Novice: 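One structure coming up, written as structure tokens, with questions to follow.
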Amino acid sequence: MKINISPLLWPVFRRHLIVFSRNWKVNVAFNFVEPLLYLTALGVGLGAYVQPIEGIPYLKYLAPGLVASSAVFATAYECTYGTFIRMEFQKTFQAMVATPVSIDDVIAGELLYGTFKSVLYSVVILLVIFILGLVESSWALLVPVVMALGGLLFAILSIIWTGLVPYIESFNYFFSLFMTPLFLFSGVFFPLTGLHAIVQKAAWLSPLYHLVNLVRGIILGQVGIHLVWDLVWVAAAVIVLFPLPFYLMRRLMIK
Amino acid sequence: MTRQMGVGGTLDVVAAEDLVKEYDGLQAVRGINFRIKARECFGFLGPNGAGKTSTVKMIYGLSPVSAGKLTVLGMDVRTKIRDIKRRLGVVPQENNLDPDLKVLQNLLVYASFFNISGSEARNRAQELLEFFGLADKAKERVESLSGGMKRRLTIARALINKPDLLILDEPTTGLDPQARHMVWQRLRQLKEQGVTLILTTHYMEEASQLCDRLVIMDRGEILVEGNPHQLVSEQAGEEIVETSSSEEMIVHPATLEDVFLKLTGRKLQD
């Protein structure tokens, strides 16, 4: 399958940025309230009763996990509800493809916008936890790079769902059956070593698990060869899955 | 607004040969032939489901051609669709203005999809807003516009790239008579400026007011082709005498509606 992306991807992305910039303060505020609530309730509140994990105080253990998970949630919302509303209710895609913009430019624009959200929110939350003194290493500067890759992966996964089950009700299932289990069992809140071996094996399949490993590793300065494997896993998933959103969305749009 | 004709005069702007559109085995367009010349207004008249929208969607590349040949501005839609779209303006049947953007932004963002930016885009957008009587709405939300204004903005948007060919899919469906006349007036002005227009409609009045030539379509086929007035006089004569069961007789001048009725035994709009 040949994917036909042109430089017109940029004006498409720019359109999304214009819309985003109209109420970016509200957007950003909402997106960092939630991780802050988790940090306070679980990190500070529950954390007072929790033993240090692998020698790390609980708040410090939890914070990097929230950087990764909050970012990919923002992407998942954008590329399910957001994409679907633009396609189905606003007919924005139909308007774009009547210009020299191709359907693949439109989909690439959605992926890029989804990726942008992960990068942006990971950086915002990183800043917050930095101010709270929860960042240990200057490796943390690589968070936006890691989350660009992770954001792209979650944008791809979300658009695959949107393309497969294009009904607004279906997105509830995406979050309750896919995103929430990932959030709970990808090592954001606790290491999986205490769980049954099957759960640990299953976690290897979770894209968020690898992102949490990576982000926690660089924020806490525990960098090593093990992180390379997580990076390879995420990059390989991006490469393998990349054509699918294009295939599925073309099927919906071109009749 | 000045326009250049990119097509060297003799070439047809659109040429369709045995054009077919199939959806899951059902033929919406059944092997039609037509040619559209530069600077004319060409109409597709027919009831809902006649295949008008399927035909124009193939012309602007939203819908792939199932069989037959279709060239637009001298280029094959199968291979050159991006180059074709650069020179088209499209007013779709469904309103798809961007509700996330203000009125002026709608035009500027759309211009960017044609690589038109900066002061060039601003000048064109301003000019178009004035031409369509929307200059004082530039900063308004699209949602706050009336149906007629939205339609005019959609046409303005379609002109941002100074197209050689403007495609209008049911441009006045759902508008009140006043708004409809305002759109017609603007379309006539565009025609005078030399824009080639393609129009689909199920309003025979619209077709006879605007079109130089038209085809009447039904069930995916072209029934007849010609100049609206000529079609009426050839197919239906000068006057029509309507009789009903109450033995009343009504005499009225023949219209395209009568042509359609004669050819299909049905009314255009039911």
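The sequence lines fix the lettering, A, B, ..., with proteins before strands; numbering per chain opens at 1. Just so we're clear, the structure is a prediction, and the values are computed from it rather than from any experiment.
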Novice: Answer yes when B:K52 and B:E170 have at least one side-chain N-carboxylate O distance shorter than 4.0 Å, and no when they do not.
Specialist: yes
Novice: Quick one: which of B:L108, B:D100, B:L101 gives a side-chain contact (heavy atoms from CB on, under 4.5 Å) with A:I18?
Specialist: B:L101
Novice: Compute the centroid of each ring, for A:Y121 and then for A:F73, and state whether the two points are separated by less than 6.0 Å.
Specialist: no
Novice: Please look at B:F113 and chain A and tell me whether the side chain, the backbone, both or neither of the residue comes under 4.5 angstrom of a heavy atom of that chain.
Specialist: both
Novice: Heavy-atom cut-off 4.5 Å, strictly under: side chain, backbone, both or neither for B:K57 against chain A?
Specialist: neither
Novice: Is it true that the NZ or CZ of A:R86 lies under 6.0 Å from the centre of A:F93's six-membered ring and within 45 degrees of the ring axis?
Specialist: no
Novice: Of the backbone (N, CA, C, O) and the side chain (C-beta and beyond), which part of A:D105 lies under 4.5 Å from a heavy atom of chain B, both, or neither?
Specialist: side chain
Novice: Using heavy-atom distances under 4.5 Å, tell me whether A:I254 contacts chain B through its side chain, its backbone, both, or neither.
Specialist: both
Novice: Against chain A, label B:L62 side chain, backbone, both or neither, depending on which of its atoms sit under 4.5 Å from a heavy atom there.
Specialist: both
Novice: Counting heavy-atom pairs under 4.5 Å to chain B, which of A:P100, A:S6, A:P11 comes out on top?
Specialist: A:P100
Novice: Could you look at B:P92 and say if it's the side chain, the backbone, both or neither that has a heavy atom under 4.5 Å from chain A?
Specialist: neither
Novice: Aromatic contact between A:F116 and A:F20, with the criterion being ring centroids under 6.0 Å apart: yes or no?
Specialist: yes
Novice: Report the relative orientation of the aromatic rings in A:F183 and A:F189; use parallel for angles under 30°, tilted for 30 to 60°, perpendicular for over 60°.
Specialist: perpendicular
Novice: Given heavy-atom pairs under 4.5 angstrom as the criterion, report whether the side chain, backbone, both or neither of B:L97 touches chain A.
Specialist: backbone
